[in-house]
Amino acid sequence: MPTRMSHLFVRTLREDPADAEVESHKLLVRAGYVRRQAPGIFAWLPLGLRVKARVEAIIREEMERAGSQEVHFPALLPREPYEISGRWTEYGDNLFRLHDRKDADYLLAPTHEEVFTLLVKDLYNSYKDLPLSIYQIQDKYRDEARPRAGILRGREFTMKDAYSFDIDDEGLGISYQAMRDAYERIFARLGIEFVIVKADAGAMGGSRSEEFLAPSPIGEDTFVRSPGGYAANVEAVTTPAPPAISIEGLPAPVVFDSPNTPTIDTLVALVNDRHPREDGIAWTAGDTLKNVVLALIHPGGRRELVVVGLPGDREVDLKRAEAAFGPAEVEPATELDFAKHPGLVKGYIGPWSPAGAVLGAESVTGIRYLVDPRVVAGTSWITGANENERHVLGLVAERDFVADGIADIADVRAGDEAPDGSGPLELARGIEIGHVFQLGRKYADVLGLKVLDENGKLVTVTMGSYGIGVTRIIAVIAEAHRDDRGLVWPQSVAPFDIHIVSTGKDEQVYSEGERLAGEFEKRGCDVLLDDRVKVSPGVKFGDAELIGVPIVVVVGKGLVDGVVELWDRAAGTRNRVPLGEIVDAVVALRS
RNA sequence: CGGGGUAUAGCGCAGCUUGGUAGCGCGCCUCGUUCGGGACGAGGAGGUCGGGAGUUCGAAUCUCCCUACCCCGACCA
């Protein structure tokens with residue numbers, strides 16, 4: 001039986017909802033796929049549910065093909081596992097917390113690493129049981145500070161999350177690759193353009209992690225790519241260090257007065273005026289060393305000041321800093337911080353002063369000093385002398401000052417060289433639709449997931465976690481597959497395969513629509529039939545275009561000539577087709 | 001959490017400056033006409049004007065407080 005527009009639970013809207021900003025959000029609401037219930041929380045109507053079911057079906061097929069088995073955990077979970085892993089506190093305000101009648105703590109799970117790990121621990125204890133890959137499709141809850149763009153970033157969202165369990169790193173690598181391959185197939189089938197980028201492994205340390213991003217101007221992630229194939233989230237870009245320079249024969253540092261040089265620009269102007277380079281080339285901002293004071297707030301609340309030295313033509317990228325210093329939070333130092341550290345002369349901070357080392361573990365302040373990777377041994381800098389209105393020229397790294405380490409947190413710019421030498425980087429925005437991650441033993445360690453190996457020794461299992469944002473994907477597809485009249489779904493996820501529009505006052509257009517629907521269904525197609533009488537053609541056409549079934553068959557005025565009209569929404573074509581050929585024509589379009 | 005904005009019928013909005021008993025379009029219901037691009041006529045249903053307090057003879061409109069939501073940033077599949 002076809003689904004009839006006369007009965008379908010839907011109301012299309014003529015105007016854009018006032019609270020929608022991005023096109024996918026407007027269209028999904030206007031076409032009657034979803035309705036907002038609360039900020040970032042949506043109800044799914046029949047059309048939306050059908051799309052969601054088809055997306056999920058594709059994911060399930062490819063997960064099974066990759067050897068993963070489906071399970072299902074509750075969204076509502078007790079506090080304990082998250083307490084053990086530390087996330088009860090780490091997740092902070094983003095966690096939806098609630099209490100049962102006995103006042104025990106519960107949460108709406110933001111992700112399920114803990115309970116997956118614990119269930120495997122419960123059931124398995126031998127290397128013979130591994131490798132194992134299990135997944136679920138489940139709603140997740142995160143109390144986002146700011147939900148955005150409809151279902152693109154909600155507080156409730158559906159996610160496919162998979163976890164792999166292996167006895168050793170080699171096994172993890174194989175499991176990871178299998179999942180990565182599956183993701184490529186899934187996104188290809190969904191009709192999503194994507195790039196795979198190196199992701200920030202964050203506090204987990206050296207683990208391999210990649211994100212699948214759908215390039216989009218409304219994306220919240222910035223990534224880079226090079227002509228030679230390098231691609232990374234901007235947070236994960238590593239800056240290549242130039243070769244060290246011999247310090248032999250470099251002139252000694254010169255301290256000079258530098259009144260009224262509150263900015264890098266004014267400093268550069270003053271230096272060019274009073275201390276021009278001997279080779280006649282002008283000094284630039286890149287010749288200065290800017291020392292930025294940051295406050296790190298460590299888990300538990302300890303506040304630590306660090307100073308980061310970077311070329312004066314660069315800014316600190318706070319996102320990159322968060323990634324580099326995680327799990328600590330990063331913020332610019334406040335007046336209060338400066339007050340507590342009188343050794344720092346604001347505006348003239350530098351690692352060195354005529355009195356000796358200012359920054360670094362061995363210095364008078366003891367403040368940790370980290371430098372940009374470009375600040376290699378032998379490079380010479382103009383920087384603050386740590387005395388009021390005085391700078392120093394020719395301060396040489398590794399000769400005049402020593403850093404405690406590297407901090408790769410300067411902003412990444414278009415034109416920067418890729419770390420693998422594959423050419424200049426370009427920047428773009430993307431929406432994160434999937435993430436594959438070699439977790440390693442982080443969760444297995446804290447939750448005690450160990451198995452006996454073939455020598456009878458207990459070994460900790462190594463894990464991977466792999467996520468796909470199911471509801472987010474629907475927004476991404478809607479964003480990419482539309483025209484100025486409405487949605488245009490890829491065939492693989494469309495709510496119906498064919499939309500038949502019967503229009504006209506002649507009863508025959510309705511009986512013929514019914515008959516055609518039956519014909520298409522015999523060919524295995526899901527059919528939406530617009531059988532509404534007393535609805536004008538314009539309304540029916542408008543609804544069909546808004547709803548976005550990719551193939552529309554119009555049974556109308558052409559019927560007296562034995563002709564119907566076939567719309568191919570994706571191609572933008574409309575062709576008159578003899579009634580006897582329409583089934584084959586549609587089948588041809590669908591293959 | 002910082003900045004900006006909005007809140008009046010199911011949806012989109014006007015009315016507020018200059019207080020006087022609530023309005024437009026769409027949608028919805030009835031009847032008739034119409035039927036290939038969001039038709040037409042006639043009739044109708046539907047609103048504690050976000051909440052509270054105040055000023056006033058009288059408040060959607062003026063004052064104060066609160067709340068919710070949206071957008072931009074900070075934060076995250």
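Values in this document were obtained by computation on a predicted structure and should not be read as measured data. Throughout, a chain's letter reflects where its sequence line sits, starting with A, and its residues are numbered from 1.
- At whole-Å resolution of the value, CD1 in A:Ile547 and P in B:rG38 are 18 Å apart.
- Between the CG atom in A:Asp568 and the CG atom in A:Asn575 there is a gap of 8.5 Å [rounded to 0.5 Å].
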Sort me out a list of protein N/O and nucleotides 31-34 of chain B N/O pairs below 3.5 Å, or just none if empty.
none

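- Classification of A:Arg54 and A:Glu56 as a salt-bridged pair fails, no side-chain N sitting under 4.0 Å from a carboxylate O.
- When the P atom is compared between B:rG25 and B:rG44, the two are found 15 Å apart, to the nearest whole Å.
- Between the CG atom of A:Leu13 and the P atom of B:rC26 there is a distance of 15 Å, rounded to whole Å.
- Open room surrounds CZ on A:Arg576; 12 or fewer heavy atoms of other groups in view lie less than 6.0 Å from it.
- Nucleotide B:rA7: paired with B:rU67 (Watson-Crick or G-U wobble, both distances less than 3.5 Å).
- Under the side chain to side chain donor-acceptor pair (under 3.5 Å) criterion, A:Thr158 pairs with A:Lys52, A:Asp139, not counting sequence neighbours.
- Heavy atoms of A:Val554 sit under 4.0 angstrom from at least one base atom.
- For a distance-only test at 3.5 Å, the side chain of A:Asp543 qualifies as a donor-acceptor partner of the base of B:rG38.
- Taking atom C1' on both nucleotides, B:rG3 is separated from B:rC49 by 28 Å, rounded to a whole Å.
- Between the side chain of A:Tyr183 and the backbone N or O of A:Gly467, at least one donor-acceptor pair lies under 3.5 Å.
- At the heavy-atom level, A:Arg532 lies nowhere under 4.0 Å from the strands shown.
- Between B:rC71 and B:rA45, the two C1' atoms lie 36 Å apart (nearest whole Å).
- Using N1 to N3 plus N6-O4 or O6-N4 for Watson-Crick, or N1-O2 and O6-N3 for G-U wobble, each under 3.5 Å, B:rC13 pairs with B:rG23.
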_Does the protein touch nucleotides 66-77 of chain B at the base, only the backbone, or not at all? Give it as B, S and - per nucleotide, heavy atoms under 4.0 Å._
---SSSBBBBBB

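- Considering only side-chain atoms of A:Arg30, the nucleotide from B:rG38, B:rG12, B:rG36 that sits closest is B:rG38.
- Judged by distance alone, with hydrogens and angles left aside, A:Glu545 brings a side-chain donor or acceptor within reach of the base of B:rG37, the pair sitting under 3.5 Å.
- Between the NZ atom of A:Lys540 and the P atom of B:rA39 there is a distance of 12 Å, rounded to whole Å.
- With respect to the salt-bridge test (charged N to carboxylate O, under 4.0 angstrom), the residues A:Arg87 and A:Glu114 qualify.
- A:Ser492 approaches A:Ile58 most closely through the heavy-atom pair O-CD1, 3.8 Å.
- B:rC40 and B:rG32 make up a base pair, with Watson-Crick or G-U wobble contacts both under 3.5 Å.
- Spacing of C1' atoms, B:rA39 relative to B:rU34, comes out at 7 Å, to the nearest Å.
- Across all strands shown, B:rC1 forms a Watson-Crick or G-U wobble pair, both distances under 3.5 Å, with B:rG73.
- For the C1' atoms, the distance linking B:rU6 with B:rC75 amounts to 24 Å, nearest Å.
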